[in-house]
Amino acid sequence: MTNSKRTPYDGVVIAAPVTIPYVRYSIESAQWWIGRALSALVAQAGIKASDIDGLCVSSFTMGTDSGIGLTQHFGLCVRWLDTIPLGGASAIAALRKAARAVQAHDADIVACVAGDTNHVDSFRLTLENFSRFNQDAVYPYGAGGANASFALIARNYMRTFGVTREDVGRIAVAQRANALRNPHALMKTPLTIEQYLAARPISDPIHLFDCVMPCAGAEAFLVMRDETAASLGLRAARLLSTIERHNAFADDPMQVRGGWAMDVGELYAMAGVKPDDLDIVQTYDDYPVITMMQFEDLGFCNKGEGAEFVRQHDLTIDGDFPHNTSGGQLSVGQAGAAGAYLGLVEGLRQVLGTAGPTQVKNAKLGLASGFGMINYDRGLASGAAIFAGPSR
Amino acid sequence: MIDPIEPPRRKNPLLRTRLPTSPPRPRSRTSHGFTRAAAEGRFMLQRCEACGAFAYPAREACPACLSAGLAFVDAPRRGTLLAETTARVPSDVYFRERAPWRIGLVRMDCGPTMVAHLHADCAEGAPVLMSFQLDKSGQAVAFARPEGETPNMADDRQWREMTADPKFRRVLVTNGRSVIGQEAAAALKAAGAKTVFVGVAEPWRPFAGEKLLRGQEGIEVVTLDAADEKSAADLAADIGGKVDILVNTTEHVRPGGLLDRRGTSIARDEIDQAYLGFINLAQAFGPAMRMRGADGINNSVAWINILSVYALANWPAFGAYSASQAACLSLSQCLRAELRPGGVKVMNLFTGPVDTEWFQTVPPPKVAPRAVAQAIVSGLRGGLEEMYVGDVAEEIRQRLAANPKALERELDR
Ligand SMILES: [Zn+2]
């Protein structure tokens, strides 16, 4: 069966990108962080909390709460509600669902929020309780969550395509340069390729600067129709296209491509743009090698050419391929499910021209991607979105 | 290639004993199909009864056809190592203490991909043989080793965590008056045990086979009457801190069931020797073994019970004896749970009638004591939990699984 043609996202806009600055450890709960993000959304959009009639939440550390508990917790009365447990793909999935909800008038203003706390032991607890396959067949091997699983993927990918650590390191080094312009990034010192290469090994070939630092924080944005944004006097980005895919290429013995590769043609066709047209790209960088894979799968180069692509381009804010302009999770930190939102929220600020110190000149067209859920031996969830600023 | 392990040095009493920790323990109920396989040294995977596809990790429906008919079956062990990594700073305490720790992803010839602990000689792109092993938490994990033999193969650091190899370890065999005890002592010594202590009650009284123990290098006769609480405690006070493997060979076989015996004195004797003897040994040696579960090359690793297979199904001709063995089997499960925090395995070795004087009237096939001794060594080397020695024991196991009622009727002959 072939997929039917999708309805465009006509009239759907995204506004009020919000970041609650991250901290390494927090004694506050995930609910506290989500509450701060909702408060900031309301303030930035100049609306009342009661104007929010749709809510979409993602978090690993809410304990027994889901979105429904949060409505009463925060005094929200909504007519559309979702909780999305897709890890690094949560933001794209939330955007997709919220877009259709406002398009169909099931809701007028949907708040999409992700937030997580980070207690001293919460990262380990999240790992322990991640999924059934992980519990049965990964965690007992001392993998300690993602590092060893991604190490296996990275090793196979690097060997298969002749990629060196130096190639991969270029991504991390460029992101650190970007992060130095972001006052909220947790990593505040420069990183050279020499330092990257000399870092201590974590799980070969993953070394220290390939890993994100778990932290606490929250990210959010509003999804609405363009006439709602106009009536509120809000500058907003137009949603042009999205894709989402789960458990793609299950027959690949090891993961060398994500679900994007399955849908990338549709991503650009729906948006009516080419990869070259993009002004900024925000990939999901839980490990730089996964970003390299995305450069290929999102159509910036062919499979196996990621290393060459990275060598040929300057990935910094002022470079010819501005990428993960906030510094990404590698340099800003990974605030649990908020890590899924980090790129999209920064991308929205870029095309709205409100990114401040990390602003790319004349950024109008952006792409953000998500990736998540190492359930067993590979990341299962992937997604991407293309959006345009009001001036395009 | 790996270097042979070095004999452990004398322990420095000022250094802290490394306390046992467990690798992650939670599993889904279905996943315990692998635990069963590991306990018996089998390699089983789920296979779809509808389409024949193998699946892993444990599933509730076939990923190829959604059938719920997924049976655990013996599966081909061969696969290819796709990629490996060495975890240097794992977040789990057990692995952090043992880092660097090497794992890999193996594509099985029969289809599924498995995350596995790796033997040091496994190479990327090369074939491996997979097994399920019981780790220090007592749960099944996949372990990949090279397809062929490699030098010092059993000395692999990660393999040794999964097994209870007697090499360089100190063993207590609890009854040196029995032929099984004597054969076990010799076999364990030959398997590289540093010292085999052999318990003998009233050792000044001569006994058959004495010369197999006395004056043998590495074999030490010690005073032990397991049925006597004080005797067990006294011996533990002396050597309790250096028993790495305990082989409970207590043997007290008398024919007869219920109605043709008068009174309880014989039954009491059976219980004293087998059941209370087990309790005495456990209370005397168990606590120190549990404490020393992570104590270097010669850490405590295993407790083995030699049980009659009639512990599983009563044989009326030896009915009261069967019951005492059933009691010991039940106790072994309790001991397994209590030693588990120390990572010490409890293995049960089930035998049919052994070729000794008390089974003199029983027709063959009977189990040679030497076969029991060899099974002890191979069970320790494989890290097993259940072993069946001899044709009778194996047959009873299969018949019990097929139809317990048929077995019960047929044992009544
Ligand atoms: Zn099937």
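A note on names: the letters A, B, ... follow the listed sequences, proteins ahead of strands, and every chain is numbered from 1.
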remark   = Given A:Pro201, A:Ala151, A:Pro205, A:Ala154, the one with more heavy-atom pairs under 4.5 angstrom with chain B than any other is A:Pro201
key: Parallel, tilted or perpendicular, as decided by the 30° and 60° cut-offs, for the rings of B:Tyr56 and A:Tyr376   = perpendicular
inquiry  = Let me confirm one number: the CH2-OH distance from B:Trp101 to A:Tyr141, rounded to the nearest 0.5 Å.
reply    = 11.5 Å
ask   = Going through the checks in order, is the side chain to side chain contact (heavy atoms under 4.5 Å, CB included) test met by B:Thr85 and A:Phe150?
value = CA-CA 9 Å; B:Thr85 185; A:Phe150 275 105; over 6 Å; no
query = Taking atom CZ of A:Arg155 and atom CG of B:Leu105, what is their separation to the nearest 0.5 Å?
reply = 12.5 Å
remark   = Per-residue tally against chain A (heavy atom, under 4.5 Å) across B:Arg98, B:Glu84, B:Arg107 peaks at B:Glu84
Nearest atoms (heavy-atom pairs only) where B:Arg27 meets A:Gln135 = C-NE2, 3.0 Å
query = Distance from B:His32 atom NE2 to A:Asp136 atom CG, nearest 0.5 Å?
reply = 8.0 Å
note = Closest heavy-atom pair, A:Ser203 versus B:Ala87, reported as atoms and distance to 0.1 Å, is OG-CA, 3.6 Å
ask   = What's the spacing between B:Leu82 CG and A:Arg159 CZ if we round to 0.5 Å?
value = 8.0 Å
note = Shortest non-hydrogen pair, B:Val115 vs A:Ala137, comes out as CB-O, 3.5 Å
remark   = If one checks every heavy atom of A:Asn247 against chain B at 4.5 Å, the contacting part turns out to be neither
message = To the nearest 0.5 Å, what is the distance between OG1 on B:Thr30 and CZ on A:Arg132?
response = 4.5 Å
key: Region of B:Ala99 that comes under 4.5 Å of a non-hydrogen atom in chain A   = neither
key: Most contacts with chain A, counted as non-hydrogen pairs under 4.5 angstrom, among B:Met114, B:Glu124, B:Arg102, B:Arg96   = B:Glu124
query = Any chance CE of B:Met291 has more than 12 other-residue heavy atoms, nucleotides or ligands included, within less than 6.0 Å?
reply = no
query = Could you go step by step and tell me if A:Tyr139 and B:Arg25 meet the side chain to side chain contact (heavy atoms under 4.5 Å, CB included) rule?
reply = CA-CA 9 Å; A:Tyr139 199 62; B:Arg25 194 149 189 272; over 6 Å; no
note = Most contact-rich option vs chain A, by heavy-atom pairs under 4.5 angstrom, among B:Ala142, B:Pro57, B:Gly104, B:Ala83, is B:Pro57
ask   = Considering residues, nucleotides and ligands other than A:Ile27, do more than 12 of their heavy atoms fall under 6.0 Å from its CD1?
value = no
task = Considering non-hydrogen atoms only, spot the tightest contact between B:Thr113 and A:Pro253 and give its length.
result = OG1-O, 4.1 Å
